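Written below as structure tokens is the structure these notes are about.
Note that the coordinates shown come from a computational prediction; the quantities given were computed from them, not determined experimentally. Ligands are counted one by one from 1 in listed order, and the atoms in each one are counted from 1 as well.
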Amino acid sequence: MSQTPQFDEIIDRSNHNSDKWSKYPSDIIPMWIADMDFDAPRCVKDALTDRVQEGVFGYTHTPTSLVKAIQEHCLKHYNWQPATAHLIHLPGLVCALHLCVRALTEEGDRIIVPSPVYYHLTKAPEMSERSLDKIPFVLKGNRWSVDLGSLEESCKKADAKMLLLCNPHNPGATVYTQEELLAIHSIAQRHDLLVVSDEIHCDLILSDAKHIPFASLNEDAAQRSVILMAPSKTFNIAGLCYAFAVIANPTLRQCFKKAREALIPAPNLLALVAAEAAYKDGAAWHDALLSYLKGNRDYLRERIQGSQIKMADHDATYLAWLDVREYDLEDPHNFFLKAGVGISDGSGFGAPGFIRLNFGCSKSQLEQAMNRILIALESVS
Ligand SMILES: Cc1ncc(COP(=O)(O)O)c(C=O)c1O
């Protein structure tokens with residue numbers, strides 16, 4: 001059977017209990033939650049099939065072969081190799097974000113979050129009685145990035161304890177440069193801040209930008225940070241639920257592990273199998289995916305030319321961040337829903353007037369969605 005990924009193929013997900021496809025009636029094209037409408041890599045499906053055939057699914061632990069596959073993946077892509085003892089295996093990244101806030105800070109501590117951002121980065125402090133300090137993620141030229149002046153100001157406050165970074169940033173599609181990361185690190189070091197870096201989208205780079213894990217900057221950055229990564233977005237296996245944290249600092253690691261004990265289960269056995277297969281054997285699929293997503297990103301940019309939609313540089317993720325403020329829509333989500341497309345409204349990330357459009361789908365579906373979006377917008381121009 002062919003190994004070539006068929007990203008053009010339309011997969012009927014209507015009977016999959018998919019969050020994405022069950023939210024709206026069948027005439028709506030769902031382009032909201034961050035999963036892609038693509039089959040997982042064949043190596044993942046084969047590994048899962050083989051493991052299911054074994055037929056016994058007792059308690060299990062993370063195999064050293066998965067650890068090795070993660071280390072090799074990180075070394076190849078980021079010239080960074082997390083030590084085995086620093087890795088913590090988890091059933092997802094969101095629980096890890098919330099756990100970091102609860103385990104590594106105290107009630108009332110200030111948690112700094114560049115925003116707009118993926119909503120769990122703001123929810124984690126909000127849900128745990130910490131003080132959330134949103135600092136602006138702003139347009140610099142045509143690229144979204146954190147306002148370093150605001151970060152410095154915020155850090156000066158006595159109760160500032162933790163910075164939650166999202167790199168690559170969702171939404172906004174920014175990959176932090178080394179210069180930016182060093183500047184952030186130097187502020188964090190001056191004010192003795194912990195940095196939790198959500199790097200779930202790190203393998204989805206669609207330009208010449210290079211992803212740099214925060215902990216790989218230098219030894220101090222490694223000692224004051226928690227890095228969160230996962231194969232879930234990269235290989236479209238989010239429903240299997242696996243992520244990992246890298247915590248080099250023994251005190252932070254112990255606090256995190258203690259807080260997790262008995263509350264957060266070990267990753268699912270099949271998730272471990274899928275993660276290992278993806279990291280070990282998914283490279284060709286991953287390369288093909290990146291070139292398909294680049295094609296979709298470029299197509300989207302072409303289609304919005306001549307409209308009033310604005311889209312800044314898009315270096316990573318399959319989540320386009322579109323500024324539709326020129327149209328002065330009262331309720332963008334509802335407006336596009338009526339046009340037949342289910343988008344994520346920017347207000348959910350803290351930016352009303354923006355929408356996030358998931359282009360991790362077949363080109364033909366993207367074409368159809370863009371036709372609907374542009375026709376609807378013409379009617380209000
Ligand atoms: C930045 C970011 N972090 C975390 C998650 C979710 O992670 P998980 O499914 O592993 O809990 C998402 C999903 O969209 C995301 O975009």
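Side chains of Trp144 and Asp313: a donor-acceptor N/O pair is absent below 3.5 angstrom, by distance only. Judged purely by distance below 3.5 Å, without hydrogens or angles, the side chains of Glu180 and Ser145 pair a donor atom with an acceptor atom. Defined by atom type and a distance below 3.5 Å, a donor-acceptor pair is missing between the side-chain atoms of His211 and Tyr78. Side chains of Asp203 and His286: a donor-acceptor N/O pair is absent below 3.5 angstrom, by distance only. Neither side chain, Arg102 nor Ser128, offers a donor N or O lying under 3.5 Å from an acceptor on the other.
Atoms of ligand 1 lying under 4.0 Å from any heavy atom of His201, numbered from 1 in the order shown and given with element: 1 (C), 15 (C), 16 (O). Atoms of ligand 1 found under 4.0 Å from any heavy atom of Lys233 (numbered from 1 in listed order, with element): 12 (C), 13 (C), 14 (O). Each of the following atoms of ligand 1 lies closer than 4.0 Å to a heavy atom of Gly92: 10 (O). Proximity to Cys166 (heavy-atom distance under 4.0 Å) selects the following atoms of ligand 1: 1 (C). Close approach to Ala34 involves these atoms of ligand 1, each under 4.0 Å from a residue heavy atom: 14 (O).
Residue, atom and distance of the protein heavy atom nearest to atom 7 (O) of ligand 1 are Ile200 CD1, 3.4 Å. In terms of protein heavy atoms, atom 10 (O) of ligand 1 is closest to Leu93 N, 2.7 Å. Among all protein heavy atoms, the one lying closest to atom 12 (C) of ligand 1 is Tyr118 CZ, 3.4 Å.
Considering both main-chain and side-chain atoms, Val94 comes within under 3.5 Å of ligand 1 through a nitrogen or oxygen pair. Any N or O atom pair closer than 3.5 Å counts here, and Leu121 shares no such pair with ligand 1.
Residue nearest to atom 3 (N) of ligand 1, selected from Leu228, Asn170, Asp198: Asp198 (by heavy-atom distance).
Remark: Glu152 pairs with Arg190 by the salt bridge (Lys or Arg N to Asp or Glu O under 4.0 Å) rule, at least two apart or across chains.
The aromatic ring centroids of Phe359 and His314 lie less than 6.0 Å from each other.
The closest approach between a heavy atom of Ala230 and any atom of ligand 1 is not below 4.0 Å.
With a 6.0 Å cutoff to the six-membered ring centre and a 45° limit on the axis angle, Lys363 does not count as a cation-pi contact of Phe7.
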